[in-house]
Amino acid sequence: MKQNNTPLLQVKDLRVEYLTAGDPFAAVQDVSFDIHQNEVLGLAGESGCGKSTIAYALMRLHKPPALIRSGDIRFEGRSILTFDAERLRAWRWSEVSMVFQSAMNSLNPVMSILGQFSDMLKAHGKISRGEIIARTAEMLNMVGIPAERMHAYPHQLSGGMRQRVALALALTLRPKLIVMDEPTTALDVVVQREILQEVLRLREELGFSVLFITHDLALMAQISDRIGIMKGGEIVEIGTTEQIVTNPQHDYTRALWSAMPVLEQPKEAGANVR
Amino acid sequence: MLDDHVDILRLEKITKTFHIKPVFGSAKTVEALRNVNLSLKPGKALALVGESGSGKSTVGRMIVQHYEATSGRILFEGSDIADIADRASQMRYRQAVQMVFQDPFSSLNPAHTIRHHLQRALRLHQPDHAGEADVCRILDEVELDPNTTPDKYPHELSGGQRQRVNFARALAVNARLIVADEPTSMLDVSIRKSVLALMQRLKAERGLSILYITHDIATAEYLAEDTAVMFRGQVVEQGPTSDVVGAPKHSYTQLLRAAVPDPRQRLLAGDSGFSSHAKDVREASAHLVTGMIEQAPGHFTAQQ
Ligand SMILES: Nc1ncnc2c1ncn2[C@@H]1O[C@H](COP(=O)(O)OP(=O)(O)OP(=O)(O)O)[C@@H](O)[C@H]1O
Ligand SMILES: Nc1ncnc2c1ncn2[C@@H]1O[C@H](COP(=O)(O)OP(=O)(O)OP(=O)(O)O)[C@@H](O)[C@H]1O
Ligand SMILES: [Mg+2]
Ligand SMILES: [Mg+2]
């Protein structure tokens, strides 16, 4: 077993800039965190604080005008910033995958759902047509979509169904780390909960880590082992979920909690958060 | 005024079936809507909530004539929209009813400034009132800076600001009904609140009617007088929002209400309790609706 104490992912002093007409804009600065094996790390913070910029940098999917100015990102101890194009291609999706923000628009519009699974599976190993169909059916079932819908094109699915397909695609190659950038924004709470429970079940079965980005703090608290809170490109506080929920240290974390809309709970008037 | 009693929008027994033809194999049909009845009063908001894939967006798209009904009628201010014959009436309808989508980016052209978007819309409605002053007035109305915003391109605005531009466009053509399909679900909490507040204000001050499609029942409570809950193409519960969201009677609505994330409760890998309960509720809620039972004045649940 490869059980050891080296974190799966180590981010150290990361600085990402966007080159603009004027001075470069540092969207992410001095960001350091680890993600351990089998850990769900939540990342929260207001719109524009740099969450997606980090997500793209981790996959090395950042494109100009974004630039990793300094710092390091290590995956299983190796710096991914040194990977050449070939290595990067083999590594991406099979070892680290991503569910993009607004994933419902990230699917290829002119290819059937089966086609998209097929492309993903074929690019990473020899596989028969029968196996592709079986695997696609299995993955669709996992996210609550009838297998027969594999022949549909993205526009023939609802927004939430497309988002679920993107999530299923990210899980297909059984990567070690999955970056989920607002993966459930188009889902109702019942389906959202079922799918996230399924992700956790799969994690128990296969073992993988998740970077979970969301603006829904309640949801984040439900799924994360640890939570990092970002503001203005920096991580202002990082700790266990328990600590961030019940005993936040930073004023900004407290402000985020108090801004959270709470639906009146009709059942029990339980203790309030914090 | 008598007009106040006429619903601005009515869906009567709307059914929509899609046919999917795969490259291989036989065609499949999807019953996206089954016998849907809905009504919306002028100056009010109706929230349409429900399961992902239950047909909410299809309802919205049929109202703006992206799709035709397989059967049933859609009445706008009392007349069947399928009967609109001449181009002029068609144009009038297309202006009166505007759709705002979830992705605030998708509906704006990245190559054009905000001024261009708004002037185009203004010209449609009132050709001689499409000047700079009118653009500013409308931006002001959706709480965007009238000085700096006109020259900006969509990518220079935040998600919340872009969504405001979409509402501004609806105002520019003087829409009377806005079909807002998950307009806030891609926005973060604070911005979401402000966009909701904008919709609330447009409703209260401009008398706009809103069909608010959402999966967030907490926001339905804030904005909508009435709420309808959809499951598998059918309406399973509807009535005043305070009843439907506050004291749901249908098992699916109750499930939806109970699944709202509670930060004190951790999700577990093997929480079969929730999943198996959800499965039972789904099975029961998928049956054909044979009638509606009145639980309280105006509050109906499906009989299945
Ligand atoms: N292509 C770009 N050019 C210049 N600035 C950019 C670009 N993309 C993002 N930014 C800026 O970088 C900052 C971080 O953006 P990012 O998308 O990472 O935020 P986020 O935390 O993911 O926000 P959200 O919650 O809205 O998704 C923002 O201020 C944004 O305006
Ligand atoms: N153009 C189409 N062709 C075939 N099927 C379609 C088409 N549009 C929608 N459907 C199907 O109709 C059903 C209802 O879809 P709709 O988009 O209305 O759901 P929704 O309630 O808006 O879901 P979500 O909350 O996920 O957006 C889905 O099963 C979808 O796949
Ligand atoms: Mg983002
Ligand atoms: Mg939809």
Side-chain angles (χ1 to χ4, degrees), chain A residues 46-48 101-102 104-105 112 144-145 148-153 156-161 163-164 182 185-194 196-205 215-223 241 245 256-257 259-267 270-271 273, chain B residues 18 20-25 28 30 49-58 102-103 105-106 158-160 181-182 185-193 215-219 221-222 245-247 252 255-271 274-275 278 281-282:
Chain A
E46 69 195 354
S47 186
Q101 190 167 10
S102 37
M104 45 278 178
N105 305 325
S112 73
I145 298 176
E148 63 180 39
R149 292 297 194 94
M150 70 173 71
H151 301 290
Y153 286 81
Q156 295 173 319
L157 299 180
S158 79
M161 290 163 94
Q163 195 172 43
R164 285 183 265 165
E182 309 273 10
T185 46
L187 302 180
D188 65 273
V189 289
V190 177
V191 170
Q192 167 178 281
R193 176 154 169 192
E194 286 174 308
L196 293 179
Q197 285 183 181
E198 195 56 26
V199 167
L200 292 175
R201 190 193 61 72
L202 214 61
R203 177 180 67 151
E204 269 182 13
E205 187 185 311
H215 53 236
D216 185 341
L217 283 172
L219 181 66
M220 171 149 300
Q222 285 194 299
I223 190 167
T241 299
V245 173
L256 276 183
W257 276 116
M260 199 178 86
V262 187
L263 189 63
E264 296 306 326
Q265 288 293 332
K267 303 161 283 188
V273 182
Chain B
F18 289 107
I20 300 179
K21 293 177 197 70
V23 185
F24 307 104
K28 305 261 181 332
V30 178
V49 304
E51 187 165 70
S52 168
S54 61
K56 304 181 297 294
S57 298
T58 303
Q102 173 174 24
D103 184 350
F105 207 71
S106 63
S158 73
D181 192 354
E182 311 258 15
S185 54
M186 284 179 38
L187 308 175
D188 84 3
V189 181
S190 56
I191 302 168
R192 184 185 311 183
K193 276 185 178 165
H215 56 256
D216 186 351
I217 52 178
T219 61
E221 249 180 339
Y222 174 83
V245 177
Y252 177 69
L255 178 69
L256 201 58
R257 189 69 179 71
V260 172
D262 176 348
R264 289 157 299 185
Q265 180 192 34
R266 276 194 73 73
L267 291 186
L268 300 171
D271 183 8
F274 180 81
S275 308
V281 170
R282 267 207 189 91

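Letters A, B, ... are given to chains in the order of the sequence lines, protein chains preceding strands, and every chain is numbered from 1. Not measured: the values here are computed from a predicted model.
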query = If you look at every heavy atom in A:H215 and B:L187, which pair is closest and at what distance?
reply = CE1-O, 3.1 Å
query = Judged by atom type as modelled, is there a donor-acceptor pair below 3.5 Å linking the side chain of A:H151 to the main-chain atoms of B:I20?
reply = no
ask   = Pick one: which of A:D188, A:V190, A:V191 meets side chain to side chain contact (heavy atoms under 4.5 Å, CB included) with B:H215?
value = A:D188
Side-chain heavy atoms of A:D216 within contact of B:P261, under 4.5 Å = yes
query = Roughly how far, to the nearest 0.5 Å, is CZ of B:R282 from CD of A:E194?
reply = 4.0 Å
ask   = Is a side-chain N or O of A:Q222 found less than 3.5 angstrom from the main chain of B:R266, in a donor-acceptor match?
value = no
ask   = So do the side chains of B:S52 and A:S158 get within less than 4.5 Å of each other, counting heavy atoms only?
value = yes
note = Residues A:Q197 and B:L268: closest non-hydrogen pair is CG-O, 3.5 Å
task = Check whether any side-chain heavy atom of A:E182 sits under 4.5 Å from a side-chain heavy atom of B:M186, and report yes or no.
result = no
inquiry  = One pair to check against side-chain contact (heavy atoms from CB on, under 4.5 Å): A:V189 and B:L256. What are the steps and the verdict?
reply    = CA-CA 6 Å; A:V189 289; B:L256 201 58; 4.0 Å; yes
query = Which region of B:Y222, side chain (C-beta onward) or backbone (N, CA, C, O), has a non-hydrogen atom less than 4.5 Å from a non-hydrogen atom of chain A, or is it both or neither?
reply = neither
message = With a 4.5 Å cut-off on side-chain heavy atoms, are B:R264 and A:V245 touching?
response = no
task = Please flag which part of B:S57 lies under 4.5 Å from any non-hydrogen atom of chain A: side chain, backbone, both or neither.
result = neither
ask   = Going from CZ on A:R201 to CG on B:L267, what distance comes out if it is rounded to the nearest 0.5 angstrom?
value = 14.5 Å
B:Q265 versus chain A, the contacting section by heavy-atom distance below 4.5 Å = both
key: Spatial distance of atom OG (B:S185) from atom CD (A:Q163) [nearest 0.5 Å]   = 8.5 Å
